Engineer: 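Mind looking over this structure? Questions follow.
First the proteins, then the strands, lettered A, B, ... as listed; each starts at 1. Quick caveat: nothing in here was measured; it's all calculated off a predicted structure. Side chains included, hydrogens not; waters and symmetry mates left out as well; all remaining heavy atoms used.
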Amino acid sequence: MKLVVAYIRPDRLTAVKKALFERQIYKISVTNAIGCGQQRGYHEHYRGSDLEVDLLKKVRIEIGVNDAFLDATIGALIEGGQTGEVGDGIIFVQDLIDCLNIRTGERGPAAIG
Amino acid sequence: MKLVVAYIRPDRLTAVKKALFERQIYKISVTNAIGCGQQRGYHEHYRGSDLEVDLLKKVRIEIGVNDAFLDATIGALIEGGQTGEVGDGIIFVQDLIDCLNIRTGERGPAAIG
Amino acid sequence: MKLVVAYIRPDRLTAVKKALFERQIYKISVTNAIGCGQQRGYHEHYRGSDLEVDLLKKVRIEIGVNDAFLDATIGALIEGGQTGEVGDGIIFVQDLIDCLNIRTGERGPAAIG
Amino acid sequence: MLLGECQFLALSLSMWVEPTPAPMPNLEILTVNNTWMLVATFLVFIMHLGFACLEAGLTRAKNTVNILFKNTGIIAIGLLTFALCGFNMMYPGEAWRISGVLGFSGMGIGLPLNYDQIAYANGAYTYWTDFLFQAMFAATAATIVSGAVAERVKLGSFLLFSLIYVALVYPITGSWHWGGGWLKAEGFYDFAGSTLVHSVGGWAALVGVWMLGPRMGKYANGKVKPIMGHNMPLATIGAFLLWLGWFGFNGGSVLSADPNAVSFVFVTTTLAAASGIIGAMAVSWIWQRKPDLSMVLNGSLAGLVGITAGADTVSVVAAVAIGFIAGVLVVFSVVFLDFLKMDDPVGAISVHLVCGIWGTLAVGLFSTNPQHTFWTQLLGVAAIGGFCLLTSGTLFFCIKKVLGLRVSESEELEGLDLGEHGMEAYTGFQFFTTQ
Amino acid sequence: MLLGECQFLALSLSMWVEPTPAPMPNLEILTVNNTWMLVATFLVFIMHLGFACLEAGLTRAKNTVNILFKNTGIIAIGLLTFALCGFNMMYPGEAWRISGVLGFSGMGIGLPLNYDQIAYANGAYTYWTDFLFQAMFAATAATIVSGAVAERVKLGSFLLFSLIYVALVYPITGSWHWGGGWLKAEGFYDFAGSTLVHSVGGWAALVGVWMLGPRMGKYANGKVKPIMGHNMPLATIGAFLLWLGWFGFNGGSVLSADPNAVSFVFVTTTLAAASGIIGAMAVSWIWQRKPDLSMVLNGSLAGLVGITAGADTVSVVAAVAIGFIAGVLVVFSVVFLDFLKMDDPVGAISVHLVCGIWGTLAVGLFSTNPQHTFWTQLLGVAAIGGFCLLTSGTLFFCIKKVLGLRVSESEELEGLDLGEHGMEAYTGFQFFTTQ
Amino acid sequence: MLLGECQFLALSLSMWVEPTPAPMPNLEILTVNNTWMLVATFLVFIMHLGFACLEAGLTRAKNTVNILFKNTGIIAIGLLTFALCGFNMMYPGEAWRISGVLGFSGMGIGLPLNYDQIAYANGAYTYWTDFLFQAMFAATAATIVSGAVAERVKLGSFLLFSLIYVALVYPITGSWHWGGGWLKAEGFYDFAGSTLVHSVGGWAALVGVWMLGPRMGKYANGKVKPIMGHNMPLATIGAFLLWLGWFGFNGGSVLSADPNAVSFVFVTTTLAAASGIIGAMAVSWIWQRKPDLSMVLNGSLAGLVGITAGADTVSVVAAVAIGFIAGVLVVFSVVFLDFLKMDDPVGAISVHLVCGIWGTLAVGLFSTNPQHTFWTQLLGVAAIGGFCLLTSGTLFFCIKKVLGLRVSESEELEGLDLGEHGMEAYTGFQFFTTQ
Ligand SMILES: Nc1ncnc2c1ncn2[C@@H]1O[C@H](COP(=O)(O)OP(=O)(O)O)[C@@H](O)[C@H]1O
Ligand SMILES: Nc1ncnc2c1ncn2[C@@H]1O[C@H](COP(=O)(O)OP(=O)(O)O)[C@@H](O)[C@H]1O
Ligand SMILES: Nc1ncnc2c1ncn2[C@@H]1O[C@H](COP(=O)(O)OP(=O)(O)O)[C@@H](O)[C@H]1O
């Protein structure tokens, strides 16, 4: 089992969700984030002074998948999230040594099946 | 050491905290999240149109524990988080290869003890 | 590759960012969090009653780094985040088995280089 | 002059509060009187926005749409039912069905026969002004209940309750005093409605809170767990708009633009609000160690409700005292109601009922008019209290049996905005929704 | 009296709406009339805050600064251009260039020669009051457009459009009726501006929405994807402040403090707003199953726009009917415009244009004055509609060619607050910015 | 008429601003005058809500409860101390202790002996109106300081400062001009308080800001790091409510309902606000490349403060110019103060002090009354400035020594809402609290 974490542009979330659903990956979790990478920030102006904002709004997606679904998940994230402009984001893949469905108590691959 | 990540219902947070505290697990971190799983979303209505909301509000808990505490942690999460209704959430367990207390600089198991 | 997750005080974020940038670590992601550890909470007062707030505001930083940068990253987090008072936070280090730049499709160490 | 003299002087004011219109009212005086009454009318109108903001601000974000909706609905219901029947029940003129107790002069509004705009109210206001000013008052009474039962009452059930309460109960008790009924004959005095408006709403709030029970999680293991309001600027806007509206509520209750009378009422009203703030601030700061904004806002309203019954008949010093005591009372009352596990999210019972009673009794204690006595005031409080308890109890009980009063547990958890309206108040904002 | 009688009585009111000032106006009557007109002026002023709040509340947080900025800018532009030229075009007096169609009596404002404050308007108001009350109206017309084109229009382009529209188009159409021009001569009647203010704004809103196209993501795959407003309390504050302002908008349009006339207008205005709420609530609850707060707020405004043309000439019962129908209309109109893929984020077209037309025609149907006919009303609607479509179409077209109308896709995505102003409305708050 | 003529005409207006009451004031004229003054009173009242909203909106969410609390407390303190002693110090009548400099006619308020409501102010207002209108002004002066010292001042220390400042300093300087003291004798003119109210508050703000030092993180490494306000809709509501209140602030300062005078003041006030917006918009858009909403809001207030001293004595064109220059000034002043590392979160010094001085001097430049000279105006500015600097400096210094002025660093970091009140303004909302 793998835990896939991706940072994407907020406005690509709908497309990513669609791409995931098309590949039968329905279970995902999403959080709000800000980040900086190669993308340059922008300036805010307030009362005569400038403020450089270098942490831009991103969305963090976390998906626990069985190994068989890993490629599909990554594919969906890229399909939905790619615009080709700086700032598209990153995907991290980690090992998941165990997982548990809180309602049913199922353990392991079945819990995220 | 393990890193336990759980997604639970927002309104179960108090119960989960209580269950954890009873097992002497006091160090936790919580973030806001939205997610979808087996639980169906709901519809919002606005100015004559419907919007399907399929990402529901969840709370993400992250706990770094020593291996001896892993079962207690999972037990607490299930005790506090389970309602038996669809939407209770999931627990992910990952390996933690190192950890550090920023204030004291303690490393490894001591840092989360 | 490693995934470093740190919880720090919100008001240390600027210092941490600066310390990271000085070490040429430019790619980071940040989320809002609340947490409890050794730090005691505080009381809120509202309409004649007290409420104990034991989850304090923290900021969660997530950084994917190549192994060579791990120590620099940890060093920066400690340099920027340490105040010496209870509540400074914690650093978790995990293995990262793969990573991908969504825009370029680059894989592995190059994606976070 | 010295403070001592000042009371003496203020006492001597009781003279001019007796209406002293020019012997023959003319078009000029009617026009200015009427203009003032219309200004007072729009000031009372804006109190509804005040209530909406205060109630929304002091409750949770997940129930905000519901509260705003209720307040918008109630004003529409209040105005239309008052046009349909309320006005003619409250001011039946000669048309009493049971003398001094129940009157009704027919459905709908329209000019009386042989209407002469100057003669209608002796040059004080026109028929239409008369109706509209009173209609705005009527809607207020129902709105008071809304805050107390917030975050758990079913929308339909609440609107139904309000409709009947404002259409029937408010006009009936109103007719007893302002409509020239039996309480008037008894010598009871309630200048602008500490009892007739605020307590009438407050009693229903009390019954509603009792029938509904507290919000989930408010009282756990014998302890009070405060449920914080979600938007303090909104609550503050609400309290200030209510204060603004009170200039019309009390100032308009002079029922003319009589210069001394209206301006004196402005002074007593304002100073009572100010000292209500100081009273609540003192108690909250000293007793509870932390100065609580929500209490201070309640304090200003407490002072205003307190002075409402006697704004034209008490001295300036008495007004300050009444307001201060009301401000103190409201804090203790909030704590005491929590002790009784009566969960009133916005303090409506403490502000409108407790301080409404206090203000009405205070007329008996402080009035410069010797005809006002404590016992008649108490009689009025008790009579109207009894009637309101009875009617609102019956009403809530019947609605509970037929439609149910309270939303389901899961709806309460996810919030009434999604449950009743399928909408959120702050789309896009992130919340911690653990409560 | 019974409901039946009431209509009869209300019908008989048409008498007193004819101005019946005292034969020789004196300083007293001027002073009170003028005071009322000034009160009406500040009430209309506060409508601009109402618009700002309503529009900001019903759109997304990322465009809030932009909307607030536009509304602040427009009132300044509206007032200054009206002082510079608008007033003298709208009320040219004898200075018609094309008789009854286009007049202009010179730049700037200043007292007429031989000015006598009592004689100026027969004791109703002074020159300065006259100017300012009308100036506040002028600014309103431009503000209406702002909400409809929100979240995608370029700031500079919009301000330029508003400047020209309020400086030229509004005064010209205004002069046709209120300035004593040809529509007045035709017998067209628009008491306070259902057509002259609200539709004039509404037509430009229609053209703007059509030229700009919908916001990104509003209509996807042939389905309407609602884009939720971000702050319902703000929207509610906006709607209530608009209602408050309407007491001045309609009440001031009596153009004196005439007691019966002003108070009757208050009653029709208030009851129409209330029944507009009920109308919108009924449709939204029954038809759409969930009672929608934003619709109910629109409903109150719909009722207000609807009654504006005939507030002084229809009976109370007719006012309630006009308001109710407007409330129903507004909901259907919002849905219908979405069906046409006309994306109006705040419902400005439905409220101001659709109900403005309805209100104007309703005068032909319900007026107690037999001289008002449906066909003259229709003529006025059509003439002004045609002129507004033509001028706003030309204007928007030219601006589109020269400056561009719409912000870039990426600016629309990140929000106009950052794009146009480099600022955020809610710094520190966390949002989900997926939309 | 042409723009040139217009100035000529406006110049000729200086005649009628001389009070021209009917020879024998009667009850009618008293009633309408008094009604207007009461309307003005509630308008000035609502300015306090305006200040609360503006200040809260332009600062951070973590200090919002504190700001709202301060503003609620100040109005109570201001009103009560003015009743206790301020009114009798500011308007000592004959009771000067040091002729023209310090007067006091006793504690408390109450009707003067042989009070006759018509004779009291020659038919302009009653005793009670007189008191309350002035009391609302008094509270305003203290409120101005609140915004400038926000986000770091200790609650108790600030309230203590306000109490003394409003109880003693404001009435003393006020007595010099409005109370008939020495500045009046010198020919100094300040119609509604550019200096007497706004600068009096502004000087104290200056001293407060200087003594407190900037907020943590505002000036780092020689650069200005803007600390964004958290709620722009709230700030906009505040600015518009202040503008609304100004109709009463300036319009009421005519001290009667004199039709020409009040309406002329309305026009100058409104147009100055509008051109203040344009001035600030122009500078902010051209110079700073991005049109800044907070500057434009400040611009409207700048125009209003600027016109306050001469609203009744300058021509319409001059009013527009004064407002425009004020709007330009305010932007430069904000930037200049930041250059001096004087940290004024809401721009109170720039708006109230800088534009207050400008407005007062502008009377010397633009007044149509030849008796107003630049040098007397400067004298007034200097005299009052000196006195305010001295007294507020002493006061702040003493309070600093005894109680401390500034909260601890850790309290500033976590916010004064938690530190002083143990409360949050927006419970449940999620914030990024890195600043
Ligand atoms: N090494 C990393 N660690 C943590 N977050 C990262 C890392 N690299 C990228 N991110 C996240 O991805 C977002 C986009 O990265 P960026 O480098 O701007 O995109 P791109 O690779 O398309 O140029 C960042 O804002 C950040 O949130
Ligand atoms: N495989 C997964 N990856 C990421 N998040 C998940 C996964 N499975 C569940 N979740 C999280 O758990 C929440 C509840 O899941 P759900 O399937 O609805 O619960 P249940 O298993 O009780 O039916 C989801 O909203 C989501 O946030
Ligand atoms: N074992 C842990 N698991 C998850 N989060 C932790 C853990 N330990 C610390 N944290 C996070 O770090 C924050 C600070 O921890 P705390 O123990 O108060 O700091 P310190 O070690 O400096 O006393 C906590 O609020 C929590 O968010």
Side-chain angles (χ1 to χ4, degrees), chain D residues 1-3 5-10 12-13 22 28-29 32-33 35-36 39 43 60-61 228-233 236-237 239-241 243-244 247 251 257-260 262-264 266-267 270-271 273-275 277-278 281 290-293 296-297 300 316-317 320 429-433 435, chain F residues 27-28 30-35 37-39 41-42 45-46 48-49 52-53 56-57 64-65 68-69 71-73 75-80 83-84 88 105-112 117 125-129 131-132 135-136 155 231 234 237 420-430:
Chain D
M1 64 227 68
L2 300 170
L3 199 62
E5 286 168 59
C6 140
Q7 177 158 23
F8 157 72
L9 285 163
S12 66
L13 296 172
E28 281 84 353
I29 210 78
V32 54
N33 279 337
T35 299
W36 165 242
V39 170
L43 289 174
R60 284 166 294 180
M228 312 259 166
H230 83 283
N231 196 330
M232 288 301 133
T236 307
I237 290 176
F240 272 83
L241 288 182
W243 186 342
L244 175 69
F247 288 115
D258 182 295
N260 261 338
V262 178
S263 58
F264 183 71
F266 261 58
V267 171
T270 309
L271 294 183
S275 62
I277 290 175
I278 301 295
M281 196 190 294
K290 292 277 180 181
D292 182 331
L293 176 63
V296 166
L297 297 177
S300 71
V316 169
V317 174
V320 172
F429 283 89
Q430 271 215 69
F431 293 92
F432 263 112
T433 44
Q435 208 178 33
Chain F
L27 184 63
E28 280 85 353
L30 167 66
T31 309
V32 56
N33 280 337
N34 189 68
T35 299
M37 292 305 295
L38 290 175
V39 169
T41 302
F42 74 64
F45 165 77
I46 209 62
H48 288 95
L49 177 57
C53 291
T64 300
V65 167
L68 299 171
F69 191 94
N71 277 282
T72 312
I75 180 163
I77 290 172
L79 289 167
L80 291 171
L84 196 67
N88 292 339
S105 62
M107 301 289 272
I109 52 171
L111 290 183
Q117 64 173 2
Y125 42 79
T126 67
Y127 172 82
W128 301 111
T129 304
F131 159 70
L132 199 63
M136 289 294 173
L155 178 61
N231 195 329
L234 195 60
I237 290 176
E420 304 278 71
H421 306 274
M423 262 176 89
E424 286 170 284
Y426 301 96
T427 302
F429 283 88
Q430 270 215 69

Engineer: May I ask you to name which of D/D292, D/V267, D/I277 has the most heavy-atom pairs under 4.5 Å with chain F?
Structural biologist: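 Ranked by heavy-atom pairs under 4.5 Å with chain F, first place is D/V267.
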
Engineer: When only pairs under 4.5 Å are counted, which of F/L155, F/V32, F/T72 shares the most heavy-atom pairs with chain D?
Structural biologist: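 Between F/L155, F/V32, F/T72, the count favours F/T72.
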
Engineer: Which bit of F/L38 is near chain D, if near means a heavy-atom gap under 4.5 Å: side chain, backbone, both or neither?
Structural biologist: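 Both the backbone and the side chain of F/L38 come within 4.5 Å of chain D.
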
Engineer: Where on F/F131 is there a heavy atom nearer than 4.5 Å to chain D: the side chain, the backbone, both, or neither?
Structural biologist: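 For F/F131, the side chain is the part near chain D, not the backbone.
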
Engineer: Taking side chain as everything from C-beta outward and backbone as N, CA, C, O, which of these in F/L79 sits under 4.5 Å from a heavy atom of chain D? Side chain, backbone, both or neither.
Structural biologist: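 Both backbone and side chain of F/L79 come within 4.5 Å of chain D.
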
Engineer: Nearest 0.5 Å, please: how far is CZ in F/F429 from CD in F/E424?
Structural biologist: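 That separation rounds to 11.5 Å.
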
Engineer: For D/N260 and F/Y127, run side chain to side chain contact (heavy atoms under 4.5 Å, CB included): C-alpha distance rounded to whole Å, both residues' side-chain angles, the deciding distance at 0.1 Å, then the answer.
Structural biologist: CA-CA 8 Å; D/N260 261 338; F/Y127 172 82; 5.7 Å; no

Engineer: Among the options F/T129, F/T41, F/N231, F/T126, pick out the one with the most heavy-atom pairs lying under 4.5 Å from chain D.
Structural biologist: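 Answer, by heavy-atom pair count under 4.5 Å with chain D: F/T126.
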
Engineer: Need one label for F/A83: side chain, backbone, both or neither, based on atoms under 4.5 Å from any heavy atom in chain D.
Structural biologist: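 For F/A83, side-chain heavy atoms alone lie under 4.5 Å from chain D.
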
Engineer: Using side chain to side chain contact (heavy atoms under 4.5 Å, CB included), reason through F/W128 and D/V262 one step at a time and then give a plain yes or no.
Structural biologist: CA-CA 9 Å; F/W128 301 111; D/V262 178; over 6 Å; no

Engineer: Side-chain contact, heavy-atom cut-off 4.5 Å: F/N71 with F/L49?
Structural biologist: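 SC-SC contact between F/N71 and F/L49 ruled out.
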
Engineer: Under a 4.5 Å heavy-atom cut-off, does chain F meet the side chain of D/F247, its backbone, both or neither?
Structural biologist: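 For D/F247, the side chain is the part near chain F, not the backbone.
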
Engineer: Quick check on F/F45 against chain D: is it the side chain, the backbone, both or neither that has a heavy atom closer than 4.5 Å?
Structural biologist: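 For F/F45, the side chain is the part near chain D, not the backbone.
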
Engineer: Name the region of F/T64, side chain, backbone, both or neither, that has any atom closer than 4.5 Å to a heavy atom of chain D.
Structural biologist: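 Contact with chain D: side chain only.
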
Engineer: Counting only non-hydrogen atoms closer than 4.5 Å, does F/M37 touch chain D with its backbone (N, CA, C, O), its side chain (CB onward), both, or neither?
Structural biologist: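 Neither; nothing under 4.5 Å.
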
Engineer: I want to check something: taking the side chain as every heavy atom from C-beta on, are F/I77 and D/I278 in contact at a cut-off of under 4.5 Å?
Structural biologist: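 Side-chain contact under 4.5 Å: yes.
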
Engineer: Give the ring-plane orientation class for D/F240 versus D/W243, where under 30° counts as parallel, over 60° as perpendicular and anything between as tilted.
Structural biologist: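 Correct class here is parallel.
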
Engineer: Between F/T35 and chain D, with a heavy-atom cut-off of 4.5 Å, which part of the residue counts as in contact: side chain, backbone, both or neither?
Structural biologist: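 Side chain only.
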
Engineer: Between D/I237 and F/L234, is there a side-chain heavy-atom distance shorter than 4.5 Å?
Structural biologist: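 Side-chain contact under 4.5 Å: yes.
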
Engineer: According to the interplanar angle, ranging from 0 to 90°, do the rings of D/W36 and D/F266 count as parallel (below 30°), tilted (30 to 60°) or perpendicular (above 60°)?
Structural biologist: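 Answer is tilted, since the angle falls between 30° and 60°.
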
